[in-house]
Amino acid sequence: MIPVIALIGRPNVGKSTLFNVFTRSRDALVANEPGLTRDRQYGVGERADRTFIVIDTGGLTGERETLDELMARQTRIAIDEADEVLLMVDARDGLTEGDRQIAEMVRKSGKACRIVVNKADGLSPEQAQAEFFALGFEHLHIVAAAHRKGTTSLLDELLARFPPAVGAVPGADGPVVAVIGRPNVGKSTLINRLAGEERVVAYDQPGTTRDTIAVPFERRGRRYTLIDTAGVRRRGKVHETVEKFSVIKALEAIERAQVAILVTDAQEGLTDQDLTLLGYVLDAGRALVIAVNKWDGLDADRREHVRQALARRLEFAGFARRHFISARHGTGVGELLASVDRAHASATRDLNTRLLTDLLEEAVFRHNPPLHHGRRIKLRYAHQGGRNPPVIVVHGNQTRHLPAAYLRYLTNFYIGKLGLEGTPLRIELKTGSNPYAGKKRTKTRKK
Ligand SMILES: Nc1nc2c(ncn2[C@@H]2O[C@H](COP(=O)(O)OP(=O)(O)OP(=O)(O)O)[C@@H](O)[C@H]2O)c(=O)[nH]1
Ligand SMILES: [Mg+2]
């Protein structure tokens, strides 16, 4: 299980700033204006081989009369989803009635909680912390999020409480595939189609929102593990089942998988939620296959329209194969799985240094990098820097000045020549001495 941390507190205490430090993203908006964050925000962070999920929430005033019910609900959901809560307070404001109210809210939830005293820059630790012990929580951390002070040790203490990460899915061999998508797009139908109908039974059982179900199956002599992210299903008033959507589940599944299948609904088109999920997959660098489900219900005109709309709107995830399927009838599901195989193979492939360097030379020969201040940018050799996603590290001179367009050219060149499919490829540029020259150490050192 991946630890989930919720950031809560009054407006403007620095929750989004800390969120950005933890996730190293610039996603959460930070502004010197209380009440900026309105929705819950989810992000994934990494620290020394550990992965964790962070939830940013909108600030709560904590004052009964003005307490924004919507924000309060958001905060309650975040507390509920979290394994540990960080209640942030502002060292410069000192302890306020709002802080007390929010602390009370956490206490009632029974969740583990730490006080994070922010904006402690320029204050002595004694000054900063003294009054906040009155909130009655044992753990108190003093940080200056905007200056990244104290944030690493906070994270280390926090993560130490959780058992170390368990790679992917314990006991899984073969590709681990996350099946993600909005409620009722047909995730479970697809999983049943792939894994066999007897699996159906499992899904109607109540569980907590955090339960993800790993479904092992075999097809044509190959083993797979599907991660089902379908929410807890409740029988609705009428016939249908209502599915509760959990971002945490999707994030967890994406982290644990090598390939994601994003299931969308052809009849409803792409929604913001689809694009949010897609964004999570791209951030994680996972291999991706897109399943456009419920294709059976569309006439020829409509199909053409949907095809074009998707091609346009999914251009930024162009590496992902799109399959138009009917999970209910089984149409297109075999081809979908074949794409999953190819995406998995591409994403986890070992790339030979010799080959990568030869290809680099070929790419440069065909199309030279430009000059920078009259000196040619040189790309000399390449080697693999990671898998899933594949990372190619390219060494050369003045690589900082390599234009984005050239990097795109190089990326596409590698993708084409290596025959990579269904996975993003990352290229890292490095300027400096050749690490393989390490044997002749004295020479390179002296430069
Ligand atoms: N001096 C100082 N300022 C900080 C620190 N951390 C955050 N700030 C500033 O405090 C302001 C509010 O920060 P946010 O991260 O947006 O606060 P928030 O809690 O997310 O606010 P809401 O989303 O409105 O609830 C910004 O101007 C930050 O730059 C810090 O450690 N020291
Ligand atoms: Mg915020």
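The chain is numbered in sequence order, starting from 1. Just follow the structure's listing: the first ligand is 1, and inside any ligand the first atom is 1.
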Test your reading of the structure: does [X] have an N or O sitting under 3.5 Å from an N or O of ligand 1?
{"X": "Ala120", "value": "no"}
{"X": "Lys15", "value": "yes"}
{"X": "Pro11", "value": "no"}
{"X": "His147", "value": "no"}
{"X": "Asn12", "value": "yes"}
{"X": "Val143", "value": "no"}

Atoms of ligand 1 less than 4.0 Å from [X] heavy atoms?
{"X": "Asp121", "value": "1 (N), 2 (C), 30 (C), 31 (O), 32 (N)"}
{"X": "Arg92", "value": "1 (N)"}
{"X": "Ala144", "value": "31 (O)"}

Answer yes or no for Arg47 and Phe52: cation-pi contact, defined as NZ/CZ to six-membered ring centre under 6.0 Å and angle to ring axis within 45°. no

Near the Mg ion (ligand 2), is there an N/O/S atom from Thr17 that is less than 2.8 Å away? no

Test item, Met88 contacting ligand 1 (heavy atom, 4.0 angstrom): no

Could I get the full list of ring-ring contact (aromatic ring centres under 6.0 Å, His included) partners for His372, not counting sequence neighbours? His401

By ring-ring contact (aromatic ring centres under 6.0 Å, His included), which residues pair with Phe132, not counting sequence neighbours? none

Would you call the rings of His141 and His139 parallel, tilted or perpendicular, where under 30° means parallel and over 60° means perpendicular? parallel

Counting heavy atoms not belonging to Arg380, are there more than 12 under 6.0 Å from its CZ? yes

Aromatic contact, Phe22 with Phe19 (centres under 6.0 Å): no

Is there a side-chain contact between Phe217 and Leu226, using heavy atoms and a 4.5 Å cut-off? yes

For a quick check under 3.5 Å, do Asn388 and Thr348 share a side-chain donor-acceptor pair by atom type? no

Should one rank Thr17, Val13, Thr151 by closest heavy-atom distance to atom 14 (P) of ligand 1, which comes out on top? Thr17

Identify which of Ala146, Ala91, Gly14 has a heavy atom lying nearest to atom 30 (C) of ligand 1. Ala146

Rounded at 0.5 Å granularity, tell me how far OG1 in Thr96 sits from CD1 in Ile102. 7.0 Å

Is it the side chain, the backbone, both or neither of Leu18 that has a heavy atom closer than 4.0 Å to ligand 1? neither

